[in-house]
Amino acid sequence: MELFYWSTPNGWKITIMLEECRLPYVVRPVNIGAGEQFKPEFLAIAPNNRIPAIVDPDGPGRKPISVFESGAILQYLGRKTGKLYPADERGRVEVEQWLMWQMGGLGPMAGQAHHFRIYAPEQVPYAIKRYTDECNRLYGVMNRRLADREFLAGKYSIADIACVGWASRNERQGQDIADFPHVKRWLDTMLARPAVARGMAVAAEAAATVDMKDPAIQALLFGQRAR
């Protein structure tokens, strides 16, 4: 399995899943701070110029297949391995609704909170409050969900894997995890899993060298328009 990756909460979803499933993989770093996400060879498999993406040489019919978008990759790997993604429709719906909750809610809103709280060249109080409050609302939703179950869909699944990287950065989102005791218990459980720790450590050193406050890097990452 080839994994086109950079160390971010979205990238961690796939390294964690690959580690949990014990699938052998090769990391193909895509340095988003250097603009490598715009290279033609990467765009051929990830037309949205975003990591992560995979190429599975042993895809359906024993033929290679490429997959982009982290949620789609998690579903593909779950179907391929039969792990962390139920085969029965009722169980699968339970997982999918929380996976989509992360894809459409927790991830994008937390990303905006990170941007306006940490990376924006000027402080915009309305935007900071807007996204900090929305993250707070989403943590409240997750806290209620986890009040009577160990994991988001009952059993450990790709929904939990999708959420853990973003939840681990709660301080950057202006949240006090102590305000959400059920989320804190879940997060502590998730971070204690060896596969989660291994997945989140992949290529972390390389990503840490990128200065996200460098104007040139910010222009590359935050100033994109149609190409």
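Note that these values count all heavy atoms, side chains included, but never hydrogens, waters or copies made by symmetry.
Pairs passing the ring pair (Phe, Tyr, Trp, His ring centres under 6.0 Å) check and including a residue from residues 135-170, sequence neighbours excluded, read His114-Trp166, Tyr139-Phe180, Phe151-Tyr156.
For the atom pair Arg28 CZ and Ile54 CD1, the distance stands at 13.5 Å (nearest 0.5 Å). Atom-to-atom distance recorded for His182:NE2 and Arg145:CZ is 13.5 Å, nearest 0.5 angstrom. To the nearest 0.5 Å, atoms CZ (Phe4) and CD1 (Ile51) are separated by 12.5 Å. The CD atom of Gln37 sits 6.0 Å away from atom CD1 of Ile32, with the distance rounded to the nearest 0.5 Å. Rounded to the nearest 0.5 angstrom, Glu171 CD and Ile177 CD1 are separated by 9.0 Å. To the nearest 0.5 Å, atoms CD (Gln102) and CG (Leu99) are separated by 7.0 Å.
Counting only heavy atoms from C-beta outward, the side chains of Asn143 and Pro181 approach each other to under 4.5 Å. Within the 4.5 Å cutoff, no side-chain heavy atoms of Ser157 are placed close to those of Trp98. At a threshold of 4.5 Å between non-hydrogen side-chain atoms, the residues Val164 and Trp12 do not count as touching. Looking only at side-chain heavy atoms (C-beta outward), Glu20 and Val196 come within less than 4.5 Å of each other. Between Val183 and Asn170, every side-chain heavy-atom pair lies at or beyond the 4.5 Å cut-off. By the 4.5 Å heavy-atom criterion applied to side chains, Asn136 and Gln175 are counted as neighbours. Proximity of Gln218 to Tyr119: side-chain heavy atoms (C-beta onward) are separated by under 4.5 Å at one or more points. Using a 4.5 Å heavy-atom threshold, the side chains of Trp101 and Met142 count as touching.
Linking ILVMFWY side-chain heavy atoms closer than 4.5 Å, directly or via other members, places Leu18 and Leu191 in a single hydrophobic cluster. Cluster annotation: Leu3 is connected to Met1 through the hydrophobic network of ILVMFWY side chains, with a link wherever side-chain heavy atoms come within less than 4.5 Å. By the rule that hydrophobic residues join a cluster once side-chain heavy atoms approach within less than 4.5 Å of another member, Ile14 and Met100 end up as members of one cluster. Val55 and Ile65 sit in two unconnected hydrophobic clusters of ILVMFWY residues. Membership requires side-chain heavy atoms under 4.5 Å apart, directly or through other members. If you chain together hydrophobic residues whose side chains sit under 4.5 Å apart, Ile128 and Met109 fall into the same group.
A distance-only check finds no donor-acceptor pair linking the side chain of Glu19 to the backbone of Ala195 [under 3.5 Å]. Panel note: side chain Arg185, backbone Leu146; a donor-acceptor pair is recorded below 3.5 Å. A distance-only check finds no donor-acceptor pair linking the side chain of Asn10 to the backbone of Pro52 [under 3.5 Å]. A distance-only check finds no donor-acceptor pair linking the side chain of Glu94 to the backbone of Ala153 [under 3.5 Å]. The backbone N or O of Lys129 sits nowhere less than 3.5 Å from a side-chain atom of Thr132 that would complete a donor-acceptor pair.
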For residues 66-78, dump all side-chain donor-acceptor pairs below 3.5 Å to protein atoms at least two apart in sequence or in another chain.
{"from": "Ser70", "atom 1": "OG", "to": "Lys13", "atom 2": "NZ", "distance (Å)": "2.9"}
{"from": "Gln75", "atom 1": "NE2", "to": "Tyr85", "atom 2": "OH", "distance (Å)": "3.2"}
{"from": "Tyr76", "atom 1": "OH", "to": "Asp56", "atom 2": "OD2", "distance (Å)": "2.6"}

Compile the donor-acceptor pairs under 3.5 Å between side chains in residues 219-227 and protein atoms, sequence neighbours left out, one pair per line.
{"from": "Gln224", "atom 1": "OE1", "to": "Arg50", "atom 2": "NH1", "distance (Å)": "3.1"}
{"from": "Gln224", "atom 1": "NE2", "to": "Leu220", "atom 2": "O", "distance (Å)": "3.2"}

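Residue Ala53 comes nearest to Ala46 through the heavy atom pair CB-CB, 4.1 Å, listed as atom of the first residue, atom of the second, then distance. Here the shortest heavy-atom pairing between Ala207 and Trp6 reads CA-CZ2, 3.6 Å. Minimum heavy-atom separation, Met200 to Ser168: CE-OG, 3.7 Å. The nearest pair of heavy atoms linking Cys163 to Leu152 is SG-CD1, 3.7 Å. Across Ala201 and Glu205, no two heavy atoms sit closer than the pair O-OE1, 4.4 Å.
There is no side-chain donor-acceptor pair under 3.5 Å between Gln173 and Tyr131.
Ion pair Arg137/Asp133 not flagged as a salt bridge, since none of the NZ, NE, NH1 or NH2 atoms sits closer than 4.0 Å to an Asp/Glu carboxylate oxygen. Between Glu89 and Arg92, no side-chain nitrogen of the basic residue sits less than 4.0 Å from a carboxylate oxygen of the acidic one, so the salt-bridge criterion is not met.
The environment of Lys80 atom NZ is dense: over 12 non-hydrogen atoms of other residues, nucleotides or ligands sit within 6.0 angstrom.
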